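Here's the structure, in structure tokens; my notes come after.
Small disclaimer: the values here were computed from a predicted structure and weren't measured. Here is the naming used below: chain letters follow the sequence lines, and residue numbers restart at 1 for every chain.
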Amino acid sequence: MFAQGVSRPSEELSHAPRSCPTPLGTCPPPELTDVERAIETVISQFHCYAVKGQKEYLTPNEMQELVVQKLPHLGKCVGPLEEKIECMGDPNEAKLEFGEYWDMMGDAAKGCRRK
Amino acid sequence: MQAAMGECTDLEWAVQVLVNNFDKYSSRCCCCKNPRRISKKDFRKMLSRELNHMLTDTGNRRAADKLICDLDENKDGRISFQEYWTLIGGIASPIAQIIRQQEQSVKHTK
């Protein structure tokens with residue numbers, strides 16, 4: 001049901017081996033926990049939209065696209081987008097880095113908790 | 001564990017998982033009016049149970065320890081939701097950076 005919607009190049013997961021062969025009698029390969037998969041998803045979505053900034057930052061447009069497409073239920077918890085974009089300053093220069101994006105997801109998370 | 005909001009996107013699923021995880025390890029203090037918090041002990045337990053693959057890298061683990069140590073300055077020793085989110089962000093951020101650098105070096109070597 002929660003298919004990983006965005007195709008991700010396999011090297012992104014190089015820190016988290018998923019399919020290493022297991023010899024019989026040894027422990028199975030580490031399966032990521034839900035929390036780890038969740039963190040990975042938040043990161044991969046950021047990377048997926050941060051095209052112009054080569055995965056380093058989102059432009060205001062990219063941020064808006066991400067919120068509209070990926071947070072249809074939680075987007076409103078993030079607050080008015082126009083205001084956020086305005087706060088970012090010159091739309092051609094503005095950059096939303098991972099830390100700020102993470103804080104924004106925190107606002108969405110707080111919205112989840114109120115439900 | 002499932003998000004109770006119909007068809008959610010993978011990003012919304014992820015946010016919900018992180019919220020549920022806080023609820024799983026947090027508890028209320030003596031007074032039930034206080035918001036839920038995680039004790040430092042439970043936070044360490046959470047890190048080792050829920051993030052043990054991500055923190056296998058010693059650098060990551062050291063960073064996480066430092067993050068928790070920084071919280072020691074706070075007298076109550078309990079981690080609020082905001083602090084929890086910031087801590088997880090502190091773990092996610094270097095990972096995001098590493099992934100980006102790995103990809104760039106792959107591009108350069110091609």
Side-chain angles (χ1 to χ4, degrees), chain A residues 1-6 8-9 11-18 29-50 53-56 66-67 69-75 77 97-103 105-115, chain B residues 1-26 35-36 46-57 60 80-107 109:
Chain A
M1 161 163 196
F2 298 118
Q4 304 288 315
V6 188
R8 292 179 278 176
E11 64 262 25
E12 274 194 24
L13 299 171
S14 54
H15 63 290
R18 278 195 179 184
E31 280 278 324
L32 290 189
T33 65
D34 271 353
V35 174
E36 289 170 323
R37 283 205 295 135
I39 292 174
E40 219 179 67
T41 303
V42 177
I43 294 173
S44 72
Q45 298 294 313
F46 176 80
H47 284 167
C48 182
Y49 281 82
Q54 298 190 334
K55 308 196 175 192
E56 199 174 0
L66 184 147
V67 171
Q69 292 171 6
K70 294 295 175 178
L71 296 173
H73 303 91
L74 297 175
C77 308
E97 288 178 3
F98 185 82
E100 299 161 277
Y101 160 79
W102 185 267
D103 290 343
M105 294 305 119
D107 293 336
K110 281 174 213 153
C112 269
R113 299 188 77 212
R114 279 195 293 270
K115 281 189 182 179
Chain B
M1 190 49 87
Q2 209 163 314
M5 41 188 182
E7 299 231 343
C8 60
T9 64
D10 39 6
L11 185 56
E12 290 180 323
W13 168 83
V15 169
Q16 185 72 52
V17 166
L18 293 172
V19 169
N20 291 350
N21 186 52
F22 178 82
D23 291 338
K24 188 168 152 192
Y25 287 91
S26 63
R36 299 174 71 92
M46 188 279 287
L47 287 183
S48 65
R49 280 194 196 160
E50 312 289 347
L51 288 164
N52 59 337
H53 307 112
M54 260 182 188
L55 295 180
T56 45
D57 190 304
N60 281 343
S80 68
F81 184 75
Q82 181 61 51
E83 288 168 321
Y84 160 81
W85 197 265
T86 307
L87 280 164
I88 304 285
I91 295 167
S93 190
I95 295 176
Q97 194 68 16
I98 290 166
I99 294 173
R100 195 174 71 85
Q101 283 165 355
Q102 276 174 351
E103 282 184 15
Q104 279 183 347
S105 63
V106 168
K107 262 180 224 160
T109 48

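- Summarising the geometry of A:Glu36 relative to B:Met54, their closest heavy-atom pair is OE2-N, 2.8 Å, with the distance given to 0.1 Å.
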Please evaluate residues B:Asp10 and A:Lys70 with respect to the criterion side chain to side chain contact (heavy atoms under 4.5 Å, CB included), reporting the C-alpha separation (whole Å), side-chain torsions for both, the decisive distance (0.1 Å), and the verdict. CA-CA 8 Å; B:Asp10 39 6; A:Lys70 294 295 175 178; 3.8 Å; yes
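- Of all the heavy atoms in A:Cys112 and B:Gln16, the pair that sits closest is SG-OE1, 3.4 Å.
- For a residue to count as touching a neighbouring chain, one of its non-hydrogen atoms must lie under 4.5 Å from one of that chain's; by this rule B:Phe22 touches chain A with the side chain only.
- Atom CD1 of A:Ile43 sits about 5.0 Å away from atom CD1 of B:Ile99, to the nearest 0.5 Å.
- Exactly one residue among B:Asn20, B:Leu47, B:Leu51 makes a side-chain contact (heavy atoms from CB on, under 4.5 Å) with A:Val35. That residue is B:Leu51.
- Put simply, CD on B:Gln82 and CG on A:Asp107 are 7.5 Å apart, with the number rounded to the nearest 0.5 Å.
- Counting only heavy atoms from C-beta outward, the side chains of B:Leu11 and A:Met105 approach each other to under 4.5 Å.
- Rounding to the nearest 0.5 angstrom, the gap separating the CG atom in B:Asn21 from the CD1 atom in A:Ile39 is 8.5 Å.
- Distance alone, capped at 3.5 Å, is enough to place a donor-acceptor pair between the B:Trp85 side chain and the A:Trp102 backbone.
- Atom CD in B:Gln101 sits 9.0 Å away from atom CD in A:Glu56 (nearest 0.5 Å).
- Proximity to chain B (any heavy atom under 4.5 Å) is shown, for A:Phe46, by neither the backbone nor the side chain.
- Interface remark: of the candidates A:Gln54, A:Glu97, A:Gln69, A:Gln54 forms the most heavy-atom pairs closer than 4.5 Å to chain B.
- Comparing A:Ala38, A:Ala50, A:Ala108, A:Gly99 by heavy-atom pairs within less than 4.5 Å of chain B, the highest count is held by A:Ala38.
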Derivation and outcome, side chain to side chain contact (heavy atoms under 4.5 Å, CB included), residues A:Arg113 and B:Arg36: CA-CA 11 Å; A:Arg113 299 188 77 212; B:Arg36 299 174 71 92; 4.3 Å; yes
Could you go through the side chain to side chain contact (heavy atoms under 4.5 Å, CB included) check for A:Thr41 and B:Val17 one step at a time? CA-CA 11 Å; A:Thr41 303; B:Val17 166; over 6 Å; no
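- Remark: the backbone N or O of A:Leu74 is paired with a side-chain donor or acceptor of B:Glu12 at under 3.5 angstrom.
- The two atoms that bring B:His53 and A:Glu31 nearest to each other are CE1-O, 2.7 Å, heavy atoms only.
- Between chain A and the options B:Ala14, B:Ala96, B:Ser93, heavy-atom pairs under 4.5 Å are most frequent for B:Ala96.
- The shortest heavy-atom contact between B:Phe81 and A:Ala109 is CZ-CB, 3.7 Å.
- Only the side chain of B:Asp23 comes within less than 4.5 Å of a heavy atom in chain A; its backbone stays farther off.
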